[in-house]
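Only one structure is covered here, and it is reproduced in the block below.
Side chains included, hydrogens not; waters and symmetry mates left out as well; all remaining heavy atoms used. Both counts, for ligands and for their atoms, begin at 1 and track the order of listing. Please read all numbers here as calculations on a predicted model, not as lab measurements.
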Amino acid sequence: MLNDRTTPLSLLETRRSGRPRDMVAPGPSADELQRILAVAARTPDHGKLHPWRFVHVPRDRRPAFAELLHRAFRERDAAPSRGDLEAVDRLAYQAPELVIALFSPKPSQKIPLWEQQLSCGAAIMNLEHAAHALGYTAGWITGWAAYSPIVRDAFGREPEQVAGLIYLGTPAMALEERVRPDPSQVVSAWAGPGDAH
Ligand SMILES: Cc1cc2nc3c(=O)[nH]c(=O)nc-3n(C[C@H](O)[C@H](O)[C@H](O)COP(=O)(O)O)c2cc1C
């Protein structure tokens, strides 16, 4: 069911995140990745500010990325356990492809920061749908690395923020659907003023 990409709507109905640690080859080719990122850049964006950008970490840069993550982790914990070190390595090397999504707010009198944040999330969602359309899965991770100033400074500069580490690949095992809110929990018809819940 989660593989049904036969119609535009079934594509949207079946996208699911994959676990980056369970992603295997193939990942998107260079051309496919450019296409995925071009779709991400076709995102509603009040004021045409494109308050987001994407940095691909090529495979041959993964060791440098690992070194960066280890340095950043040690800044938080000077005595990491073996398990911590393995987790840092996994973060650096897992999944065939990795894109760092940056929130890149632009100064504006007109467009509040909140709207720029909304656009950034939407751009990443577009990226995930494009990856699914091409037969891959994406996994959006934040966690400590996304909030580390050391990691941020290696990819961008203030006031930019890492919005996510976006891993791309093929799921090693079939993805299972997760619990979704029942539409009645999140959708209603407004009865008029005083109907706020
Ligand atoms: C902003 C944001 C941050 C996330 N950070 C993490 C994370 O750090 N670790 C993780 O396992 N999943 C993370 N996720 C993914 C979610 O936990 C979950 O896998 C995803 O929402 C599954 O939804 P889907 O099945 O609709 O793809 C994040 C998702 C979002 C939107």
Trp52/Phe103 aromatic ring centres below 6.0 Å:
no
Are Glu97 and Tyr136 close enough that a side-chain donor and a side-chain acceptor fall under 3.5 Å?
no
So, Asp4 versus Thr6: side-chain donor-acceptor pair below 3.5 Å or not?
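Yes.
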Short side-chain to backbone donor-acceptor contact, Arg15 and Glu128, under 3.5 Å:
no
Can you list, by chain and residue number, every protein residue with a non-hydrogen atom closer than 4.0 Å to ligand 1?
Arg15, Arg16, Ser17, Trp140, Ile141, Thr142, Gly143, Arg178, Arg180
Which residue in the set Leu134, Leu11, Leu12 passes side-chain contact (heavy atoms from CB on, under 4.5 Å) when paired with Arg5?
Leu11
Taking NE2 in His129 as the centre, count heavy atoms belonging to other residues, nucleotides or ligands within less than 6.0 Å. Is the count above 12?
yes
